[in-house]
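Per chain, numbering begins at 1; letters A, B, ... match sequence-line order.
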Amino acid sequence: MKINFYNSLTNQQEEFQSIQDGIVKMYSCGPTVYDFAHIGNFRSFLFGDLMRRFLELAGYDVQHVMNITDVGHMVEGEDDKMLAAATRVKENKKSGRVPEGAIADPDDPYQIADYYTKAFLDDANKLGYKVAAEYPDSMPRATDHIDGMIKMIERLIERGHAYVSSDGVVYYSVESFPEYGKLSGNSLDKLIDGAGQRVSADNQQRKKHPADFLLWKPDRQHIMKWDSPWGVGYPGWHIECSVMANAKLGRDVIDIHTGGEDLIFPHHECEIAQSCGCSGESQFANYWVHARFLFVEGKKMSKSRGNFFTARDVFEGKVTGKPVHPAVLRFELIKSHYRSNMNFTKKGLSDSASTVMKLIELRQDLESRSDGKVAEVDLGHPVLKDFAEALADDLNIAGALGVMHTWIKSDHGDAALSLAIWDKMNSVLAIAPTGTNDDPAESAGSGGDDEGEALRLEMVAARENKDYARSDELRDKLIAAGYDVQIGKTDVTIKKKLA
RNA sequence: GGCGUCGUGGCCAAGUGGCUAAGGCAGCGGAUUGCAAAUCCGCCAUCGUGGGUUCGACUCCCACCGACGCCUCCA
């Protein structure tokens, strides 16, 4: 199967060719763990997961790494992210987002990072992020790779790509790397024009070129600090990804690198400069694939607009007023093309809930009719072929979902075969039992909780007495409680809705 | 200013140089129902504007209008 991705490096779709036959090594930039990850973060992460799962469907052995940034990086300005994080933690504790006692000392960055790392992994698991669930070893922490960063910086200095400035700070020399700017389309002279707003004039003077970026900053006052040949201090932001990709994927050149579009510059540009500067290779990743931003109800998500939502806000019903099953959020976040600005809306979420429900009901029906048998099926099957070919075309998820919907409505006489097809599709979509996330079928099960069941029984009784007014009243109550109510000839069934 | 993406029915969103322009949601008609819901059947677009290329374009080219993103910590 021919697979195409849009490569940010060349700004065009390219046929995907792995370096080694049958193996894909990919790296995704992960979260900075000083707050809960928001739905925009997850949109980008899940796009990486979708890509990974699709490549697996296509037969590749995929090694996917995502870092966790637990180093508090200070930019060249003097605003301290750690301080900001501590303030945020205190706010979160007040509002109850962070439970009392969870972070004993909000001024300790290690505790903060630890807490939010766990929270992130928990959310990622619920959302079916495969690496988090099945390959925890592929989620390296930056603080575990400081030695590697120091070694890489040393090597960059040796190779003439980095230098120590007059105040002891180590910088990467962008002029030593002619390719700098290739990914983002920036050129050094344009960058000079743009520079200077937020960076201090003093620092700029000490650098050989205004675009030179920090690799190591000696700073004894910094809370998180490590010893290094350049004094006690901390690493720059970009170096960790170059180091961890290499450490975990074991190669100088990897196949795919993903992230949010905002990371193209400067982060990914700098990663390329570092990795290639160190390895001498002409590429760091052959394919750079970036996801566009998520909007909420048509507006860019921001704290000041009040439309800034974490994944757990959505789960807990803080966005829609009703709890949302993680599978529904996952589906909502992956169902738009990664290169479009997806618009996150309440309506979209409820549409997604219907689709997830439909899939689950189909599966339940198939299971009950298949005698526990699942047929063998591969991508040669026409339905799966269409499904996979859509995804092979730059992850055309809408096309794939179109195939899926048409298939859902088709005849499912051979339950074992349909079950096999269902499972293949789900291996990519991962909305229903994945072995990692909660099974939405369970929460959507027929029984519901005790309260719902009580109302249901009362409704059955009312109907036996032909007391329709009472029955309608109870039905309204059940609907308000988040149930779908179906009245049969002799019975009433209720189903908890997923969102 | 530089770089880039895009403009398809009420909303979301595929797709193709020429058969009936996917699919979802909503809506409409019908079956069903005590009434609903769910389900099933049926209906519902000529593709931003203006040129050009072509036997033929929504699909290729040009211009224009419009939307959006990045260029700064940010997924």
Original post:
Cut-off 3.5 Å, side chains only: do A/Q364 and A/S368 have a donor facing an acceptor?
Top reply: no
**OP:** Let me know, please, whether A/Q12 or A/E261 comes out on the 5' side of the other along RNA chain B by nearest nucleotide.
**Re:** A/Q12
**OP:** Please tell me which of A/D393 and A/K347 maps to the more 5' nucleotide of RNA chain B, matching each residue to the nucleotide holding its nearest heavy atom.
**Re:** A/D393
Tell me what [X] touches on the nucleic acid: a base, only sugar-phosphate, or nothing, going by heavy atoms under 4.0 Å.
| X | answer |
| --- | --- |
| A/F331 | nothing |
| A/F295 | sugar-phosphate |
| A/G259 | sugar-phosphate |
| A/H267 | nothing |

Please report the distance, rounded to the nearest Å, between [atom1] in [X] and [atom2] in [N].
| X | N | atom1 | atom2 | result |
| --- | --- | --- | --- | --- |
| A/E269 | B/rG2 | CD | P | 19 Å |
| A/N341 | B/rG4 | CG | P | 17 Å |
| A/I264 | B/rA75 | CD1 | C1' | 11 Å |
| A/L263 | B/rG4 | CG | P | 20 Å |
| A/D491 | B/rU33 | CG | C1' | 16 Å |

Original post:
Under the 5.5 Å and 30° test, is A/F42 stacked on the base of B/rA75?
Top reply: no
**OP:** Kindly indicate whether the side chain of A/R475 and the base of B/rC35 share any N or O donor-acceptor pair separated by less than 3.5 Å?
**Re:** yes
Original post:
Salt bridge between A/R475 and A/D472, side-chain N to carboxylate O under 4.0 Å?
Top reply: yes
Original post:
Should the pair A/D35-A/R97 be classified as a salt bridge under the 4.0 Å nitrogen-to-oxygen rule?
Top reply: no
Original post:
Under 3.5 Å, side chain of A/K248 to main-chain N/O of A/V65, donor-acceptor pair present?
Top reply: no
Original post:
Under 4.0 Å between a side-chain N/O of A/K300 and OP1 or OP2 of B/rC70, yes or no?
Top reply: yes
